[in-house]
Enquirer: 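Sharing a structure below in structure tokens format, with a few things to ask.
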Amino acid sequence: MQTRLHEMKESALGQISQVTESSQLQDLRVKYLGKKGELTELLRGMGSLSAEERPVVGQLVNEVRAALEAAFSDKQQAFEQAELNAKLSSQTVDVTLPGRPVPAGTMHPLSRIIEEIEDIFIGLGFEVAEGPELETDLFNFEMLNLPKGHPARDMQDTFYVTDELLMRTQTSPVQARTMLKKEGKTPLKMICPGKVYRRDDDDATHSHQFTQIEGLVIDKKIGMSDLKGTLLTFARQMFGENQQIRLRPSFFPFTEPSAEVDLQCFNCGGHGCRVCKQTGWIEILGSGMVHPRVLEMAGYNPEEVSGFAFGMGVERIAMLKYGVEDIRHFYTNDVRFLRQFNRG
């Protein structure tokens, strides 16, 4: 038995050393170490050995197995290393070549405008607040002096989810929520950016979904002069230091008095052109003094405090600032359009 083990070991090691392919090596492994291999067959004959011979032969079997497994492993590693060397030789990379540039994206123009507006108002002492896009009728309308049945509700064609839940038509509900949290305390200076939704036909200047930023200031002795001064500062920082604005009487249920705010046409300097339709002015936002009823519902005493509010469409500001003629460009994900705003 011992002689046969030694002979098998020498024969196997000799064959392993002569193998030139990985598949041949695997065949040899099965031949000698497989379930029906030669070493297994020898082990089955140990039952005929005497008690004295079995430990000796058993130890020798283990030594032979270990030697063969080591030889197989070394040969397999040699094959793998040779294969790797061949790949490295045939797939040489010239590390001195310049790298391929990776295309980088850029901030969306609407996000950029929102960031600019936020920076301007934060510099004026405003805080930024956010709220839910799925709103209740209470906060979207009633808290803003628009009770059920009010005709002004028809100005905002609304997406209703239920009788009391809707997709907000403005970011004003965030103002109402913030006023309630303040519990009548002043001062309050905030802006609230976010998406709003209205059942509108999409065209070059309208979208069923758009972005709005509204602002609110409440304190003692707040007047129209504070409103105009704040918006003039905003207009000059956003559109240029020489800009002028004008306020035109208007109507909003939540402000009294109310005003539309026009920006002096930056294309013609106020002389009249096709951009401003020969008027010299371009409408940019709505504003007014907070209605006393709105202050009362939010827990403020209109005899002691007053405030102003304003609201602007981010797309409107972006279209004016960048000269974009169709609002739909902001939402079609055309990289040719978006690439124009890459500052890199």
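Predicted model only: the values in this text are computed from it and were never measured.
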Enquirer: Looking at CD of Gln175 and CD1 of Ile218, how far apart are the two atoms once the value is rounded to the nearest 0.5 Å?
Expert: 8.5 Å
Enquirer: Side chains of residues 10-20: which donor-acceptor pairs under 3.5 Å do they make with residues two or more places apart or in other chains?
Expert:
residue	atom	partner	partner atom	Å
Ser11	OG	Gln15	NE2	3.1
Ser11	OG	Tyr32	OH	3.4
Gln15	NE2	Tyr32	OH	2.4
Ser17	OG	Leu13	O	3.4
Ser17	OG	Gly14	O	2.6

Enquirer: Is a donor on one side and an acceptor on the other found under 3.5 Å between the side chain of Gln77 and the backbone of Asp74?
Expert: no
Enquirer: Passes side chain to side chain contact (heavy atoms under 4.5 Å, CB included), Glu130 versus Val174? Steps please.
Expert: CA-CA 6 Å; Glu130 296 181 345; Val174 184; 5.7 Å; no
Enquirer: Looking only at heavy atoms, which two atoms of Tyr160 and Asp137 are closest? And how far apart?
Expert: OH-OD2, 3.5 Å
Enquirer: Crowded around Asp201 CG? As in, over 12 foreign heavy atoms under 6.0 Å?
Expert: no
Enquirer: Only pairs under 3.5 Å count here: list side-chain donor-acceptor contacts from residues 270-281, not counting sequence neighbours, and write none if there are none.
Expert:
residue	atom	partner	partner atom	Å
Gln278	NE2	Cys273	O	3.4
Thr279	OG1	Cys276	O	2.7
Thr279	OG1	Trp281	N	3.2
Thr279	OG1	Trp281	O	2.9

Enquirer: Do the side chain of Asn140 and the main chain of Thr169 share a donor and acceptor less than 3.5 angstrom apart?
Expert: yes
Enquirer: Under the salt bridge (Lys or Arg N to Asp or Glu O under 4.0 Å) rule, collect the residues that match up with Arg328, sequence neighbours excluded.
Expert: Asp326
Enquirer: Would a 4.5 Å heavy-atom cut-off, applied to side chains only, mark Thr211 and Phe330 as touching?
Expert: no
Enquirer: Give the intermediate values and the outcome of side chain to side chain contact (heavy atoms under 4.5 Å, CB included) for residues Met312 and Ile317.
Expert: CA-CA 8 Å; Met312 66 187 80; Ile317 301 297; 4.2 Å; yes
Enquirer: Please report the interatomic distance CG(Leu138) to CG(Leu146), rounded to the nearest 0.5 Å.
Expert: 12.0 Å
Enquirer: List the atom of Tyr322, the atom of Pro109, and the distance in Å for their closest heavy-atom pair.
Expert: CE1-CB, 4.1 Å
Enquirer: When you compare the side chain of Thr158 with that of Arg198, does any pair of heavy atoms fall below 4.5 Å?
Expert: no
Enquirer: Could you give the distance from CZ (Arg29) to CG (Leu25), rounded to the nearest 0.5 Å?
Expert: 6.0 Å
Enquirer: Are any of the side-chain heavy atoms of Phe239 and Leu320 separated by less than 4.5 Å?
Expert: yes
Enquirer: Atom CE of Met297 and atom CG of Leu144: how far apart are they, to the nearest 0.5 Å?
Expert: 7.0 Å
Enquirer: Is it true that Phe266 and Ile120 fall in one hydrophobic cluster, defined by side-chain heavy atoms closer than 4.5 Å?
Expert: yes
Enquirer: List the steps and the verdict of salt bridge (Lys or Arg N to Asp or Glu O under 4.0 Å) for Glu127 and Lys189.
Expert: CA-CA 6 Å; Glu127 64 180 54; Lys189 298 177 72 175; over 6 Å; no
Enquirer: Is the backbone N or O of Gln243 less than 3.5 Å from a side-chain atom of Arg236, with the two atoms forming a donor-acceptor pair by type?
Expert: yes
Enquirer: Quick one: does Thr136's side chain have a donor or acceptor within less than 3.5 Å of a partner on Glu164's backbone?
Expert: no
Enquirer: Going by atom type alone, with no hydrogens or angles, which donor-acceptor pairs under 3.5 Å involve a side-chain atom of residues 251-261 and a protein atom two or more places apart or on another chain?
Expert:
residue	atom	partner	partner atom	Å
Thr255	OG1	Ser258	OG	2.5
Ser258	OG	Phe252	N	3.2
Ser258	OG	Thr255	O	2.8
Glu260	OE2	Ser250	OG	3.3

Enquirer: Should we count NZ of Lys148 as having more than 12 external heavy atoms under 6.0 Å?
Expert: yes
Enquirer: Between the side chains of Glu214 and Ser172, does any donor sit under 3.5 Å from an acceptor?
Expert: yes
Enquirer: Applying the side chain to side chain donor-acceptor pair (under 3.5 Å) test to Tyr197, which of Glu135, His208, Glu133, Arg168 qualifies?
Expert: Glu133
Enquirer: What heavy-atom pair brings Ala129 and Met190 nearest, and what distance separates the two atoms?
Expert: CB-CE, 3.8 Å
Enquirer: For the pair Ser111 (side chain) and Met107 (backbone), establish whether a donor and an acceptor sit closer than 3.5 Å, ignoring hydrogens and angles.
Expert: no
Enquirer: Can you name the closest pair of heavy atoms from Ile213 and Pro193 and give their distance?
Expert: CG1-CB, 3.6 Å
Enquirer: Do Lys182 and Met179 have side chains that approach each other closer than 4.5 Å (heavy atoms only, starting at C-beta)?
Expert: no
Enquirer: Identify the two heavy atoms, one from Gly288 and one from Leu227, that lie closest to each other, and give their separation to 0.1 Å.
Expert: N-CD2, 3.8 Å
Enquirer: Any link between Met143 and Tyr300 through a network of hydrophobic side chains (Ile, Leu, Val, Met, Phe, Trp, Tyr) touching at under 4.5 Å?
Expert: no
Enquirer: Does the Glu315 side chain pair with the main chain of Phe210, one donor and one acceptor, at a distance under 3.5 Å?
Expert: no
Enquirer: Please check if the number of heavy atoms outside Asn301 that lie under 6.0 Å from its CG is greater than 12.
Expert: yes
Enquirer: Can you list the residues that meet the side chain to side chain donor-acceptor pair (under 3.5 Å) rule with Gln209, with sequence neighbours excluded?
Expert: none
Enquirer: Counting only N and O atoms by type, is there a donor-acceptor contact under 3.5 Å from the side chain of Ser287 to the main-chain atoms of Ala309?
Expert: no
Enquirer: Scan residues 98-150 for pairs that pass ring-ring contact (aromatic ring centres under 6.0 Å, His included), counting only residues two or more places apart or in two chains.
Expert: Phe121-Phe126, Phe121-Phe234, Phe121-Phe310
Enquirer: Is Phe308 linked to Met224 within one hydrophobic cluster, defined over Ile, Leu, Val, Met, Phe, Trp and Tyr using a side-chain heavy-atom separation of less than 4.5 Å?
Expert: yes
Enquirer: Show your reasoning for whether salt bridge (Lys or Arg N to Asp or Glu O under 4.0 Å) applies to Asp262 and Arg246.
Expert: CA-CA 5 Å; Asp262 298 333; Arg246 73 175 184 182; 2.8 Å; yes
Enquirer: Could you state whether Met289 and Leu295 fall into the same hydrophobic cluster, counting links through intermediate Ile, Leu, Val, Met, Phe, Trp or Tyr residues with side-chain heavy atoms under 4.5 angstrom apart?
Expert: no
Enquirer: For atom CG of Asp163, is the number of surrounding heavy atoms from other residues, nucleotides or ligands below 6.0 Å larger than 12?
Expert: no
Enquirer: Rounded to the nearest 0.5 Å, what's the gap from CG on Leu166 to CG on Leu134? Could you check?
Expert: 7.5 Å
Enquirer: Do Arg112 and Thr106 have side-chain atoms, one donor and one acceptor, less than 3.5 Å apart?
Expert: yes
Enquirer: Please report the C-alpha distance between Asp219 and Ile222 in whole Å, then the side-chain angles of each, then the deciding distance to 0.1 Å, and finally whether the side chain to side chain contact (heavy atoms under 4.5 Å, CB included) criterion is met.
Expert: CA-CA 6 Å; Asp219 206 349; Ile222 297 294; 3.7 Å; yes
Enquirer: Go through the steps for Val217 and Leu188 under the test side chain to side chain contact (heavy atoms under 4.5 Å, CB included), then give the verdict.
Expert: CA-CA 5 Å; Val217 173; Leu188 170 57; over 6 Å; no
Enquirer: Hey, any chance Val30 and Leu28 share a hydrophobic cluster, counting ILVMFWY side chains that come within less than 4.5 Å of each other, even indirectly?
Expert: no
Enquirer: Just by distance, do the side chain of Lys321 and the backbone of Met238 share a donor-acceptor pair under 3.5 Å?
Expert: yes
Enquirer: Going by distance alone, is a donor N or O of one side chain under 3.5 Å from an acceptor N or O of the other, for Ser207 and Asp200?
Expert: no
Enquirer: Is the shortest distance from a Lys or Arg side-chain nitrogen in Glu283 or Arg248 to a carboxylate oxygen in the other one below 4.0 Å?
Expert: yes
Enquirer: Restricting to non-hydrogen atoms, name the atom on Leu232 and the atom on Gln244 that form the minimum distance, rounded to 0.1 Å.
Expert: CD1-CA, 4.3 Å
